[in-house]
Structures are given as structure tokens and as C-alpha cells.
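The structure appears right after this line, and notes come after that.
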2 protein chains.
Amino acid sequence: MKVLSKASAYGLRALLYIVAHKKHGDYVSIREMSEELNISFHFLTKILQSLTQQGLLESYRGPNGGITLKRPPNEIFLIDVVKILDGEDFFDTCLLSLPGCGEAEPCPVHDFWKVTKAALKNEFASTSLTELGTKISENRLRLTDD
Amino acid sequence: MKVLSKASAYGLRALLYIVAHKKHGDYVSIREMSEELNISFHFLTKILQSLTQQGLLESYRGPNGGITLKRPPNEIFLIDVVKILDGEDFFDTCLLSLPGCGEAEPCPVHDFWKVTKAALKNEFASTSLTELGTKISENRLRLTDD
DNA sequence: TTATTTTGAGACAAATTCGTCTTAAATAAT
DNA sequence: ATTATTTAAGACGAATTTGTCTCAAAATAA
Ligand code: SF4
Ligand code: SF4
């Protein structure tokens with residue numbers, strides 16, 4: 001069961017890198033992040049481009065350019081990132097994919113899944129980059145692979 | 001967020017078709033199921049082959065052959081199907097895919113995800129084909145698309 | 001202006017999942 | 001025996017996700 005796409009996982013790691021290692025407002029180069037986090041530069045660029053286009057980041061070209069968070073990290077939530085990179089319907093999934101069922105004629109796991117989905121969505125909606133990032137800057141969590 | 005692979009979803013639908021429409025012990029032809037459920041015959045064949053190889057089904061070749069459940073439906077659980085078709089590690093997934101973390105140095109959503117995963121696993125382990133099938137044979141749920 | 005650095009955009013390639021097709025093997029009926 | 005029916009096995013193709021590469025556009029610095 002894969003929850004997040006690579007795009008979401010990488011995008012998130014990049015944002016957390018910024019929160020943990022940079023001052024809010026600084027422009028951070030994608031190259032630097034791709035090297036620190038061992039993520040393909042071009043792939044990461046595309047991912048962050050999406051986040052920029054959707055207004056989560058701001059970008060600046062040229063020397064000393066890069067990207068920066070458009071909102072303070074405590075106002076950016078997991079759900080914002082995931083919705084952009086994995087789609088608005090990320091939390092709309094059905095568990096068993098039976099045809100012709102749904103709210104009106106639910107299968108035996110429907111209600112369970114409904115509750116689980118709601119909890120997941122709530123968790124994502126209430127966990128901000130700040131919460132995720134604190135532990136990392138405290139060095140209790142790493143972002144790099146090696 | 002895709003939970004089940006197509007293989008699991010299709011395999012499950014086939015099993016439920018058997019439970020809902022056939023007597024236990026009958027050999028059901030894959031061709032029939034593929035047509036009733038609008039699933040590619042060859043694809044379904046491969047899926048059910050896996051279930052046969054793993055001992056969940058028994059197959060019989062030749063005219064009036066087909067497959068049949070090797071155990072009564074109330075002894076076959078969601079988790080059995082999913083583990084075969086989506087892998088033993090289906091419930092072992094991490095939520096954020098951060099490198100270098102885990103039980104010892106968990107990210108802020110780790111514990112939440114641990115509980116959620118356990119609940120999901122428990123639900124899958126306690127929901128049998130019988131429970132899923134009852135509603136279907138009562139015609140409160142359909143298996144076909146159209 | 002010219003060269004350098006950086007993101008933007010899109011074509012392309014590799015890997016995975018999903019689906020199709022062909023041929024073989026087993027069984028049954030004639 | 002021969003033919004028809006059915007699953008078994010695996011090659012092959014299509015679609016999606018993931019990752020790479022090239023070139024353009026914007027900004028800076030010399
Ligand atoms: S009843 Fe709900 S969970 Fe079950 S198969 Fe239908 S949509 Fe999915
Ligand atoms: S702490 Fe747990 S949930 Fe969070 S990224 Fe690590 S393994 Fe995944």
C-alpha cells in the first residue's frame with residue numbers, strides 16, 4: 001500500500017529541509033537541496049515547480065535565486081502539499097473498488113474506511129511543516145539517505 | 001491514494017462472485033466470471049492463478065473445470081487475498097517516507113500512522129468473504145459495472 | 001553587452017503496473 | 001485417437017509513474 005507518491009515524499013522532504021535549515025524568506029537553491037537530499041535535480045525542480053505554480057512557494061531566477069515558502073511554515077500543512085502533488089482527490093479513495101456501491105449501498109468495510117479516511121485527512125490537515133520540522137532541526141531526525 | 005491494486009480488487013470481486021452466486025465446492029469457470037464482472041479474461045486468469053498457487057483456491061482443467069475455494073468463505077479473509085496479490089508487506093508501509101527515521105526516531109505522524117495501519121490490518125484480518133458476500137447475494141450490492 | 005547562474009518547460013527514457021495474446025498442458029466427451 | 005474445453009505459463013504491449021536531458025527565459029555580475 002503506497003500512500004504518498006515519490007513526488008509528494010520528495011517535495012515534502014525539500015520543504016522540511018528549508019524549514020529545518022533555512023531562515024524563513026531565504027531563497028534556497030534547488031540544486032543545493034537536490035544534492036543534500038540525494039534527489040534528482042531535474043525531478044525535484046519539476047516537483048517544486050508545481051508547488052510554485054499552485055502558490056505554495058515563490059521562485060526567483062538567476063544567481064542567488066531559488067525558492068522560498070510563500071507562507072510561514074506553521075501555515076503550511078501536509079494536506080496542502082499532498083493535494084497539489086497527489087491530486088485533490090487524494091482522500092476520496094474507496095477501499096474495495098466494488099462497482100455500483102457507495103454511501104447508499106455500502107460494503108461491510110465502507111464505514112470503517114470512511115472513518116479511517118477522515119482521521120487521515122484530519123491528521124494531514126492539522127500537521128504543519130513546523131511540527132514536522134522541529135524534530136528535524138533538533139537533529140532527532142535526518143532528511144538525507146546516506 | 002490507491003489502497004488496493006487492480007489485481008487485488010479484481011481478485012476479490014471474483015471471489016465474492018463465487019460466494020454470492022455459487023455453491024461452495026462448485027468449480028466456477030474463469031471465463032464466466034470475466035464476462036459477468038467485465039474483467040479481462042487473461043488478466044483475471046493470472047490473478048486467480050496466484051491465488052491458486054498460494055493455496056487459496058483449487059483449480060481443475062478441462063470441460064466443466066474452473067476454480068473453487070479451498071476453504072469455506074468464512075475462513076477466507078480480506079487479508080489473505082491482499083497479502084497474496086499485493087505482497088506480504090502490504091501493511092508495513094511508512095507514511096512520509098523520510099529516510100533514517102522509524103520507531104526509534106519517529107516523525108510527528110508516525111504514531112498516528114502506526115495506529116491507523118493496525119486498525120486497517122485488523123479490519124482486513126477480521127472481514128471474511130462471507131461478511132462481504134452476504135450483502136451482495138441479498139442484492140443490496142452489485143459486482144458488475146454496467 | 002556578454003557570460004554565468006538559476007528556474008521554467010517540455011521532450012524523452014526507464015521502471016512499474018496493467019492488460020493482451022499466443023501456446024502449452026490437462027481433462028473430458030465423442 | 002481426436003477434438004473441444006479449460007487452466008497454466010510466459011511473452012508482449014499499453015499506460016502510468018518516475019527519472020533524465022536539453023534548451024529557453026530570467027536575473028545577476030563583470
Ligand atoms: S462500499 Fe465504499 S468502501 Fe466498499 S467498495 Fe463501495 S465505495 Fe468502496
Ligand atoms: S517516522 Fe514512521 S511514518 Fe514517519 S517517515 Fe519515518 S517510518 Fe514513516
Side-chain angles (χ1 to χ4, degrees), chain A residues 1-14 18 22 26-35 37-70 82 84-87 89-90 93 97 145, chain B residues 1-14 18 22 26-35 37-70 82 84-87 89-90 93 97 145:
Chain A
M1 174 180 35
K2 184 166 70 179
V3 183
L4 294 188
S5 65
K6 291 281 185 186
S8 276
Y10 291 167
L12 202 52
R13 269 166 70 193
I18 296 173
K22 303 289 174 174
D26 282 4
Y27 280 94
V28 187
S29 101
I30 302 177
R31 175 72 63 182
E32 173 188 339
M33 288 191 283
S34 76
E35 283 169 1
L37 304 177
N38 273 303
I39 300 172
S40 147
F41 166 69
H42 288 101
F43 193 25
L44 185 57
T45 297
K46 268 204 307 199
I47 293 166
L48 298 181
Q49 258 175 45
S50 302
L51 297 181
T52 302
Q53 286 162 348
Q54 298 306 309
L56 213 63
L57 302 177
E58 197 143 30
S59 71
Y60 202 84
R61 294 196 248 199
N64 302 312
I67 57 141
T68 191
L69 302 184
K70 208 162 179 179
V82 167
I84 291 171
L85 296 174
D86 275 347
D89 60 348
F90 183 79
T93 59
S97 308
D145 300 290
Chain B
M1 174 181 35
K2 185 165 69 179
V3 183
L4 294 188
S5 66
K6 291 281 185 186
S8 276
Y10 291 167
L12 201 53
R13 271 167 69 193
I18 297 173
K22 303 289 175 174
D26 282 5
Y27 280 94
V28 186
S29 102
I30 302 178
R31 175 72 63 184
E32 172 188 340
M33 289 190 284
S34 77
E35 284 168 0
L37 304 178
N38 273 303
I39 300 172
S40 147
F41 166 69
H42 289 101
F43 193 26
L44 186 57
T45 297
K46 270 205 305 200
I47 293 165
L48 298 180
Q49 258 174 46
S50 301
L51 297 181
T52 301
Q53 286 161 348
Q54 298 307 309
L56 212 64
L57 303 176
E58 198 143 30
S59 70
Y60 202 84
R61 294 196 248 200
N64 302 312
I67 57 140
T68 192
L69 302 184
K70 208 162 177 179
V82 167
I84 292 171
L85 296 174
D86 275 347
D89 60 348
F90 183 79
T93 60
S97 308
D145 299 290

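We name chains A, B, ... by the order of the sequence lines, and we start the count at 1 in each one. The figures here come from the full heavy-atom set of this structure, side chains too, leaving out hydrogens, waters and symmetry mates.
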(message) Give the residues of residues 57-70 of chain B touching DNA chain C, defined as any heavy atom closer than 4.0 Å, sorted by residue number.
(response) B:Tyr60, B:Arg61, B:Gly62, B:Pro63

(message) Would you say A:Ser40 places a side-chain N or O within less than 4.0 Å of OP1 or OP2 belonging to D:dT20?
(response) yes

(message) Could you work out, with ring pair (Phe, Tyr, Trp, His ring centres under 6.0 Å) as the rule, every residue matching A:Tyr60, not counting sequence neighbours?
(response) A:Tyr27

(request) Ignoring hydrogens and angles, tell me if any N or O in the side chain of A:Ser8 forms a donor-acceptor pair with the backbone of A:Ser5 under 3.5 Å. (result) no

For residues 50-58 of chain A, which side-chain N or O atoms pair as donor and acceptor with protein atoms under 3.5 Å away, sequence neighbours left out?
unit_1: A:Ser50; atom_1: OG; unit_2: A:Lys46; atom_2: O; d: 3.4
unit_1: A:Thr52; atom_1: OG1; unit_2: A:Leu48; atom_2: O; d: 2.9

(request) Would you kindly give the CG-to-C1' distance between A:Leu85 and D:dG19, to the nearest whole Å? (result) 15 Å

(request) Would you mind telling me which residue lines up with the more 5' stretch of DNA chain D, A:Phe43 or B:Ile30, judged by nearest nucleotide? (result) B:Ile30

(request) Could you tell me whether the side chain of A:Ser29 and the main chain of A:Gly66 form a donor-acceptor pair under 3.5 Å? (result) no

(request) To the nearest Å, give me how far apart OH (B:Tyr27) and C1' (D:dA8) are. (result) 15 Å

(message) In this structure, how many angstroms lie between the P atom of D:dA9 and the CD1 atom of B:Ile47, rounded?
(response) 16 Å

(message) Less than 4.5 Å apart, side chain to side chain, heavy atoms only: is that true for B:Ile18 and B:Ile67?
(response) yes

(request) Could you state the atom-to-atom distance from CG of B:Leu56 to C1' of D:dT7 in whole Å? (result) 17 Å

(message) Among residues at least two apart in sequence or on other chains, which ones pass side-chain hydrogen bond (donor to acceptor under 3.5 Å, both in side chains) with A:Lys22?
(response) A:Glu32

(request) Mind checking ring pair (Phe, Tyr, Trp, His ring centres under 6.0 Å) for A:Phe43 and listing every partner two or more places apart, or none if nothing turns up? (result) A:Tyr10

(message) Restricting to salt bridge (charged side-chain N to carboxylate O under 4.0 Å, His left out), what partner residues turn up for A:Lys70, sequence neighbours left out?
(response) none

(message) Rounded to whole Å, please give me the gap between CD in B:Gln49 and C1' in D:dG10.
(response) 9 Å

(request) Calculate the interatomic distance between B:Met33 atom CE and D:dT6 atom P; express it in whole Å. (result) 12 Å

(message) Between C1' on D:dA8 and NZ on B:Lys46, what's the gap in Å once rounded to a whole number?
(response) 12 Å

(message) For chain A and DNA chain C, what are the first and last nucleotides along the strand, 5' to 3', with at least one atom under 4.0 angstrom from a heavy atom of the protein chain?
(response) C:dT5 to C:dA11

(request) Return the set of residues passing side-chain hydrogen bond (donor to acceptor under 3.5 Å, both in side chains) with B:Thr45 (not counting sequence neighbours), or none when no residue passes. (result) none

(message) Students often get this wrong, so: under 4.0 angstrom with heavy atoms, is A:Glu32 touching a base, only sugar-phosphate, or nothing?
(response) nothing

(request) Please figure out whether A:Asp86 or B:Phe41 has its closest DNA chain D nucleotide nearer the 5' end. (result) B:Phe41

(message) Using whole Å, what does the distance between atom P of nucleotide D:dG19 and atom CG of A:Asn38 come to?
(response) 12 Å

